[in-house]
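Below is one structure, written out as structure tokens; the observations come after it.
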Amino acid sequence: MTIDGRMARGERTRAAVLDAAMALATSAGLDGLSLTQLAGTLQVSKSGLFAHWRSKEELQLATIDHAAAKWSEQVIGRARQAPRGVRRLWALHEARLDYYATAELPGVCFFGKTRLEFNARPGPVQDRLTAHSLAWLALIERFAAEAVAAGELRADADPRQLAYEIEALGLVAVLKDPPSAPEAYVRSRRAVLDRLRGLSTDPTLLPED
């Protein structure tokens with residue numbers, strides 16, 4: 001096998017391990033991650049995994065970054081396809097709910113579950129989770145501010161307040177009700193849509209329901 005071939009195989013193995021680690025973290029928590037368990041699940045050698053991560057903390061941090069990359073691709077990337085303004089802000093929330101519904105993670109929301117797990121546990125893992133959380137909230141706020149600047153939301157709309165409301169309504173859909181309860185997604189979707197329509201200078205830019 002060529003060097004390039006070995007590198008490609010190594011990257012595929014790394015991605016598969018991190019996908020499995022993401023799924024495990026939503027049910028057992030980041031503390032539940034184990035190289036031994038992951039090696040058994042994926043039928044690879046534990047020594048091979050040590051070539052990527054020398055400690056549990058390294059694995060935890062890599063899993064967080066992997067989850068963030070998936071989120072960026074499947075939620076943020078999809079939202080950016082919508083026109084800048086209120087439609088992009090709405091698309092961000094809609095893409096989030098769609099991701100929850102299709103990501104096939106046992107605990108549905110990686111960041112919702114792990115942020116609660118490490119909320120009172122200072123250290124590198126909490127710092128990394130907090131950094132991603134703040135970046136996400138800042139993105140919602142920026143999309144809201146762009147909608148105000150474009151004249152598609154009222155001038156008195158507060159982008160920071162709106163970002164907190166949208167984030168809260170996204171989280172409650174996966175933290176309050178079990179993953180099997182589709183009503184949670186319907187209510188979260190309706191609540192954000194009603195809020196945006198109430199602030200919009202042109203409600204026809206948004207779906208009616």
Side-chain angles (χ1 to χ4, degrees), residues 14-34 37-38 53 55-80 88-144 159-182 184-189 191-192 195:
R14 185 178 188 278
V17 172
L18 292 176
D19 281 343
M22 271 182 61
L24 179 61
T26 64
S27 57
L30 281 169
D31 257 355
L33 294 183
S34 161
Q37 182 179 10
L38 290 171
W53 307 284
S55 69
K56 182 174 182 175
E57 185 176 274
E58 284 187 10
L59 175 61
Q60 290 171 328
L61 294 173
T63 303
I64 293 168
D65 290 342
H66 185 70
K70 291 273 189 181
W71 187 266
S72 179
E73 176 187 352
Q74 299 186 35
V75 177
I76 300 172
R78 174 181 159 187
R80 287 189 184 279
R88 182 173 293 180
L89 180 60
W90 165 244
L92 190 68
H93 185 68
E94 193 167 40
R96 173 190 201 159
L97 296 182
D98 286 347
Y99 180 68
Y100 287 158
T102 61
E104 299 181 352
L105 298 174
V108 183
C109 181
F110 174 88
F111 285 103
K113 299 299 175 70
T114 57
R115 280 161 54 193
L116 286 176
E117 180 187 1
F118 279 82
N119 188 49
R121 298 169 61 179
V125 174
Q126 185 199 71
D127 291 346
R128 189 69 58 86
L129 288 167
T130 298
H132 285 302
S133 175
L134 291 175
W136 165 247
L137 197 60
L139 180 72
I140 304 175
E141 183 180 342
R142 186 167 81 245
F143 282 7
R160 179 166 295 185
Q161 178 64 29
L162 189 54
Y164 272 89
E165 292 175 17
I166 292 172
E167 170 66 355
L169 287 165
L171 281 175
V172 76
V174 290
L175 297 182
K176 182 179 182 297
D177 295 314
S180 59
Y185 300 111
V186 173
R187 292 193 178 278
S188 177
R189 185 181 188 276
V192 172
R195 182 73 170 117

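Just the heavy atoms: all of them, side chains too, but no hydrogens, waters or symmetry mates, feed the values below.
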Mind running side-chain contact (heavy atoms from CB on, under 4.5 Å) on Arg115 and Leu171 for me, showing each step along the way?
-> CA-CA 11 Å; Arg115 280 161 54 193; Leu171 281 175; 4.1 Å; yes
Test Thr26 against Val108 for side-chain contact (heavy atoms from CB on, under 4.5 Å), laying out the working first.
-> CA-CA 7 Å; Thr26 64; Val108 183; over 6 Å; no
Given Ile64 and Phe110, is the side-chain contact (heavy atoms from CB on, under 4.5 Å) satisfied, shown in steps?
-> CA-CA 8 Å; Ile64 293 168; Phe110 174 88; 4.1 Å; yes
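To the nearest 0.5 angstrom, His66 atom NE2 is 3.5 Å from Asp19 atom CG. Between Arg189 atom CZ and His93 atom NE2 the span is 8.5 Å, to the nearest 0.5 Å. Taking CH2 of Trp136 as the start and CG of Leu92 as the end, the distance is 3.5 Å to the nearest 0.5 Å. Note that CG of Leu169 and CZ of Arg96 are 9.0 Å apart. Values are rounded to the nearest 0.5 Å.
In this structure, Glu117 contributes its side chain and Asp31 its backbone to a donor-acceptor pair below 3.5 Å. Using a distance-only test at 3.5 Å, with no hydrogens or angles considered, a donor-acceptor pair links the side chain of Gln60 to the main chain of Leu30. Not a single donor-acceptor pair under 3.5 Å links the side chain of Ser27 to the backbone N or O of Gly107. Between the side chain of Ser188 and the backbone N or O of Ala184, no donor-acceptor pair lies under 3.5 Å. Checking side-chain atoms of Ser133 against main-chain N and O of Leu129 turns up no donor-acceptor pair under 3.5 Å.
Taking the ring axis of Phe118 as reference, the NZ or CZ atom of Arg121 stays within 45° of it and closer than 6.0 Å to the ring centre.
Judged as a salt bridge (charged side-chain N to carboxylate O under 4.0 Å, His left out), and not counting sequence neighbours, the contacts of Arg128 are Asp65.
Looking at every heavy atom in both residues, Phe111 comes nearest to Ala68 through CZ-N, 3.7 Å. Summarising the geometry of Arg80 relative to Arg88, their closest heavy-atom pair is O-NH2, 3.4 Å, with the distance given to 0.1 Å. Across every non-hydrogen atom of Leu105 and Ala23, the tightest pair is CD2-CA, 3.8 Å. Nearest heavy-atom pair, Ala173 versus Leu97, reported as atom, atom and distance to 0.1 Å: CB-CD2, 4.2 Å. Of all heavy-atom pairs spanning Ala163 and Leu137, the tightest one is O-CD1, 3.8 Å. Counting all heavy atoms, side chain and backbone alike, Gly112 lies closest to Cys109 at N-SG, 3.1 Å.
In this structure, the side chains of Ile166 and Leu89 come closer than 4.5 Å at one or more pairs of heavy atoms. Looking at Val174 and Tyr185, their side chains come closer than 4.5 Å, going by heavy atoms from C-beta outward. The shortest side-chain heavy-atom distance between Leu18 and Met22 does not fall under the 4.5 Å cut-off. No side-chain heavy atom of Glu141 sits under 4.5 Å from any side-chain heavy atom of Glu167. By the 4.5 Å heavy-atom criterion applied to side chains, Val17 and Thr63 are not counted as neighbours. In this structure, Asp98 and Arg78 have side chains that are in contact, with non-hydrogen atoms separated by less than 4.5 Å.
Residues Tyr164 and Arg160 have side chains that never bring a donor and an acceptor to within less than 3.5 angstrom of each other.
In this structure, Tyr99 and Trp71 have perpendicular ring planes: the angle between them is above 60°, well past the 30° mark.
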